[in-house]
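Each remark here refers to the structure printed beneath this line.
Note that ligands are numbered from 1 as they come in the structure, with each ligand's atoms numbered from 1 the same way. Predicted, not measured: the structure shown is a model, and the values here were computed from it. For reference, positions follow the sequence shown, starting with 1.
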Amino acid sequence: MKILFATPECAPYVKTGGLGDVSAALPATLAALGHDVHLLMPAYQDMKVEGEIGAGVDLPPYAQWPAAQLVPVKLDSGVTLLLLACPQLYQRPGGPYVDAGGRDYDDNAMRFGMLARVAALLGTVHSPLPDWIADVVHANDWPCGLAPLYLAHARVLAPHERTASSVITIHNLAFQGVFPMAAGDVLGVPYYWRGMDGVEFWGQLSMLKAGLQFADAITTVSPSYAREIQTQAHGVGFDGILRARSDRLRGILNGIDTTMWDPAQDPLLPAHFSRGDLKGKAACKAALQARVGLPANKGAMLLAMVSRLTPQKGVDLVLGALPRILASGAQLVILGSGEPGLQQALRDAAQKHPKQVSVTLAFDESLAHLIEAGADAFLMPSRFEPCGLNQMYSQAYGTPPIVAPVGGLLDSVTDASADAARGTGFVMTGCDAAGLDDALTRALRAWREPARWRRIQANGMDRHFGWEDSARQYLAVYEQAALVAAGSPLPATGISPP
Ligand code: ADP
């Protein structure tokens, strides 16, 4: 199958969260399964890409769209990376979505409209690549949300021409790509699709809604999140659309990259360990305590968190649980970056309790690996969590996670109190202070029983979070999307409304 995977970020080039990891791993796994995968992303400033660089293809300016170039790079994984080079849109300091000061770029509608437009073009007879037209265009999150709309439009304009089917994956429904409706002119959104059945969202234009309305199939990154987003409590305004389209919505749990996240050979660790031999983990704990400036105390349970600092991640709940953590004699290490208010609160806590709390406000891949390896338990009290990766990394690294009962956390962690034989972590009874307090109490107690703790660690390390199963489920979705695009009745694989 010819698969075009369109994304605004991809590790290791540009990553702000889980989508970056998925964009690296899923296309590579699909390629390993024998598929022809092209990965489209913008060429941002200072991106370092290794691979065999091919001849660039010019995209001439057209109406409001600026001139650009597509530069193919053959990666070791077999994936062809297509860099969308358009310096006036993408060559600037700052992140993929926001400037160096953390503000959204003024022209994000155009920046990501362009990405979506080129993704769609690659699925039509007007494909800029000679000899390559996608069978399926897989769009990710709001920045690619218009791609399914453009493909649907191409089908309307030229019903007898070949057009790819489209799939959109929701990595986080909270980011909706909302712009003034006037952006529809620049983006070439037909008037007849600017209403409620099209892109309109509270009087504005939502790129994510375009994707949800026009994609032949919709996926999200865990089965539980697929159920939750059909409810008013978690639907962020889109639950109605998702319920109406539940026959094409499916939750597929993300995997993890088991070559990059393997404690037996992780090059970012000072010592290695495995399920059968955990000695190296103690060395990692000592190295972590030294690196973040905490006393080298083997007898203190070391709790950890690596996270974007937003209300979603429950950082405030961890701050609320601080008295409990301090009183137990445990240590807490936090790595994160994000909202200034949360950063300040964490900085204050670390200053007040330097022997027990250490906070690093940065994005630091190598410290993230050392934390996963050196900590005793990992905290993820998220208010919602589409999939979450850290709870899977921490299980692989023998660091039982303490998680909220939501989304992908529910689908990837087994509670050790409820299931002593198979438990891999601690699931909170609710996403609140009482729920966290209860789970912390249970974890602190279990850690004091070494045989029990080793059991929980071993259960987590036995779990397989590889990508292959998930990639096969995506292939089934691509086939389903092709049937929908061809007008066939839907095979019964969708999930039902709650
Ligand atoms: P989200 O996508 O909501 O941010 P995920 O758990 O799905 O959450 O993925 C987050 C990814 O980003 C993980 O790979 C995590 O290790 C990484 N990460 C988040 N914050 C940091 C940080 N400050 N430093 C290093 N890695 C981070």
Do any nitrogen or oxygen atoms of [X] lie less than 3.5 angstrom from nitrogen or oxygen atoms of ligand 1?
| X | answer |
| --- | --- |
| Asn390 | yes |
| Gly18 | yes |
| Thr16 | no |
| Ala362 | yes |
| Leu389 | yes |

TODO: With heavy atoms of Gly388 as the reference, note each atom of ligand 1 found under 4.0 Å away.
DONE: 6 (O), 7 (O)
Task: For Ser307, atoms of ligand 1 separated by under 4.0 Å from a heavy atom - done: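 So the answer, numbered in order with elements, is 20 (N).
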- [ ] Answer yes if the ring centres of His38 and Phe5 are under 6.0 angstrom apart, and no otherwise.
- [x] no
Considering only the protein, which heavy-atom contact is closest to [atom], and what is its distance?
| atom | result |
| --- | --- |
| atom 11 (C) of ligand 1 | Asp21 OD2, 3.8 Å |
| atom 24 (N) of ligand 1 | Asp364 N, 3.0 Å |
| atom 4 (O) of ligand 1 | Arg308 NE, 2.7 Å |

Please confirm whether [X] approaches ligand 1 to less than 4.0 Å, judged on its heavy atoms.
| X | answer |
| --- | --- |
| Lys15 | yes |
| Pro386 | no |
| Cys387 | no |
| Lys313 | yes |

Hey, are [X] and [Y] close enough for a salt bridge, meaning a charged N less than 4.0 Å from a carboxylate O?
| X | Y | answer |
| --- | --- | --- |
| Glu339 | Arg308 | no |
| Arg442 | Asp438 | yes |
| Arg383 | Asp316 | yes |

Open item on the list: Measuring from atom 19 (C) of ligand 1, which candidate in Phe363, Tyr393, Phe384, Phe175 has the nearest non-hydrogen atom?
Closed with: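 Ranked by closest heavy atom to atom 19 (C) of ligand 1, first place is Phe363.
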Task: Arg422 and Asp419: CA distance, side-chain angles, deciding distance, salt bridge (charged side-chain N to carboxylate O under 4.0 Å, His left out) verdict - done: CA-CA 6 Å; Arg422 280 173 303 182; Asp419 188 339; 3.1 Å; yes
Task: Selection residues 368-415 - residue pairs positive for ring pair (Phe, Tyr, Trp, His ring centres under 6.0 Å), sequence neighbours left out - done: Trp261-His369, Trp261-Tyr393, Trp261-Tyr397
- [ ] Determine, for Tyr105 and Arg92, whether the Lys NZ or Arg CZ falls below 6.0 Å from the six-membered ring centre while staying within 45 degrees of the axis.
- [x]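 Because its charged atom sits under 6.0 Å from the ring centre and within 45° of the axis, Arg92 does stack over Tyr105.
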Task: Heavy atoms from other residues, nucleotides or ligands near CG of Asp277 exceed 12 (cutoff 6.0 Å) - done: yes
Open item on the list: Which residues pass the ring pair (Phe, Tyr, Trp, His ring centres under 6.0 Å) test with Phe201, not counting sequence neighbours?
Closed with: Phe238
